[in-house]
Amino acid sequence: MSSSPLSELHLLILWPKARRAERRILADIPKHAEIVWKGELSFSGDPALAYRRFYGPALPDERRKLATCGAGPFLVVVVRDSAPRYEVSDDSGRKPTLCNLTLLGMKTRYRKWTGSGHRVHGTLSPAEFARDIAILTGHTAEEWERGVPAGPFTPCLPEGWTAESTLKPFARGLSQPGPKPEIRDAHVFLENKYINDRFLEGSWKGMPCVVKESSKAVWSIGNEYKMNAAVYGIAPNVVPMPLAWHFAFDGRSAFVVTEKVSGPALTELLARGLTRDEADCFAEDIRELAIALKQTGILHRDLFSDNLLVGADGHLKAIDWQLAVDRNLYREDPWVKRNWKFRYVVFGVNRELGLGVWNDFQALGKILAQFPQTETVKAVAAELASVAPGMAFSSPPKGMDRLRLWLYGCSLRLQMLIRGRRHRKYAQLERRWRTVRCKWE
């Protein structure tokens, strides 16, 4: 098999429900690229879990993938593009990225031929090919470059996906199959059975860190790393450094690692009273955070004073990015979708904005209203207020959710009456009831 030094290998996968168009696709491929090898492969075990293990955290819902693409043998076609051309382009609604235009065109065309959904998979870069071919055949990209391996071709699905960031300079880690990052001296300091199982402190590569583990909303753990990393890339002063994350296929299936923020929450400082100098410094941090959110197109959805901690450098750090969303690619964790009460009630941002409505700029403005009103604080508040109307994001509840929330609101009100104002949980119950009540006002 001869090849040009500039040529590159790629692959196309026709998942089971795409094979009805197999003959048409195989007839079209040689018009655009050389077919190097084609063969039928199968995943063993639970097909939904196999899709999850193949795609890793990029796959929002493995059950939906199974319903769309089917179970059973699939066809893998390795092709050679002898004159690769690259351009920044959209791929299936994702943010613009550098793509091989030939493969992008083929994948897009074959997906149209096979109906709705992503029934055809294709690689768009040599790195993606190297990852996928090793998983599918057990042979590396280097082996394939030397010729078609002798076989056997057996899928080697990873036990986990990992991303790690180098400390200096910061690099946004790409998810790859790999072992768990090693956390030393780890110990639990908080447990939350509702969505995160536990929080740990320890050290990663000699750096004090916090580890958040989850076995429920596992997709959002990778999302936390990605959202935090995007903001850190342009505003490192106002978010903790994201160090690593791991997505595994065992009982405790995902965790994210960030640098430990040593200082107190802004809530504590507001309770004892900010100095004017502190107010000015923190207002500048809030301005920087707001600019970064707008530039990245990210909505945090839970920005209140408990989630702003003071770092060792004196800057406010916004934490808890697990449920943040990209405005352009809104994806909710499947666990959050199923738990409608959590989705619409527990956020700190939406108490006065309306049910299922979030606006980080308004939330930050409410925080600034609690500061000493210096000239700097007023100026930042005015900037945020001028931009806030265009920064709202809405995910309105469905009809059945409205009924459930109405019943939930009634139960909250009943609990408040039974417990009375002096009970330690009254404030929490009242806060949640006000959040639910706002849908009627």
Side-chain angles (χ1 to χ4, degrees), residues 57-61 64 88-99 118 163 172 174-175 195 217 219-236 238-240 242 245 256 285-304 307-308 317-337 339-340 342-367 380 383-398 401 435 438:
L59 184 65
D61 190 341
R64 182 176 179 183
V88 174
S89 182
D90 292 336
D91 172 32
S92 305
R94 294 188 302 186
K95 276 191 171 181
T97 186
L98 198 62
C99 299
H118 296 66
R172 205 176 302 176
L174 297 176
S175 60
I195 184 168
W219 180 78
S220 62
I221 287 289
N223 182 65
E224 171 153 356
Y225 178 91
K226 180 181 177 182
M227 297 293 109
N228 193 355
V231 176
Y232 184 89
I234 62 173
V238 294
V239 291
W245 70 268
V256 65
D285 289 337
I286 287 174
R287 173 193 275 134
E288 185 175 353
L289 175 62
I291 292 172
L293 291 170
K294 186 177 181 181
Q295 289 180 351
T296 55
I298 289 174
L299 183 77
H300 185 284
R301 298 203 296 179
D302 202 10
L303 281 177
F304 61 120
N307 282 341
L308 294 174
K317 312 284 185 183
I319 64 167
D320 207 0
W321 294 84
Q322 184 171 353
L323 296 167
V325 293
D326 184 326
R327 291 170 178 273
N328 301 311
L329 304 173
Y330 174 61
R331 286 180 179 176
E332 195 75 79
D333 187 285
W335 185 91
V336 175
K337 283 184 177 180
N339 289 267
W340 51 271
F342 177 85
R343 182 181 183 186
Y344 293 116
V345 174
V346 305
F347 293 117
V349 173
N350 68 342
R351 293 174 196 160
E352 300 170 19
L353 299 179
L355 206 59
V357 181
W358 299 277
N359 190 318
D360 287 347
F361 278 54
Q362 287 191 18
L364 292 172
K366 292 176 185 176
I367 293 172
V380 174
E383 290 178 32
L384 266 57
S386 67
V387 180
M391 299 302 292
F393 182 87
S394 176
S395 178
K398 298 177 182 178
D401 288 345
T435 302
C438 68

- Query: Backbone N or O of Ala388 within a donor-acceptor pair of the Asn359 side chain at under 3.5 Å?
  - Reply: yes

What's the shortest heavy-atom distance between [X] and [Y], and which atoms?
X      : Y      : result
Ala290 : Phe361 : O-CZ, 3.4 Å
Leu299 : Met391 : CD1-O, 4.4 Å
Ala235 : Ala292 : CB-CB, 3.7 Å
Gln322 : Ser220 : NE2-OG, 2.9 Å

Any side-chain heavy-atom pair from [X] and [Y] closer than 4.5 angstrom?
X      : Y      : result
Leu384 : Ile286 : yes
Asp333 : Asn223 : no
Leu293 : Leu303 : yes
Val325 : Arg301 : yes
Trp358 : Ser395 : yes
Pro240 : Ile319 : yes
Asp302 : Leu323 : no
Phe393 : Arg327 : yes

- Message: For Trp335, give me all partners under ring-ring contact (aromatic ring centres under 6.0 Å, His included), at least two apart in sequence or on another chain.
- Response: Tyr194, Phe342

- Note on the structure: The ring-ring contact (aromatic ring centres under 6.0 Å, His included) partners of Trp321 (sequence neighbours excluded) come to His300

- Under the side chain to side chain donor-acceptor pair (under 3.5 Å) test, which residues partner Asn339, sequence neighbours left out? none

- Item | Euclidean distance, Leu364 CG relative to Asp285 CG, rounded to 0.5 Å | 11.0 Å

- Considering the options Asn328, Asp360, Val231, which one meets the side chain to side chain contact (heavy atoms under 4.5 Å, CB included) requirement together with Ile298? Val231

- Message: Taking atom CZ as the centre, does Arg64 end up with more than 12 heavy-atom neighbours from other residues, nucleotides or ligands that are less than 6.0 angstrom away?
- Response: no

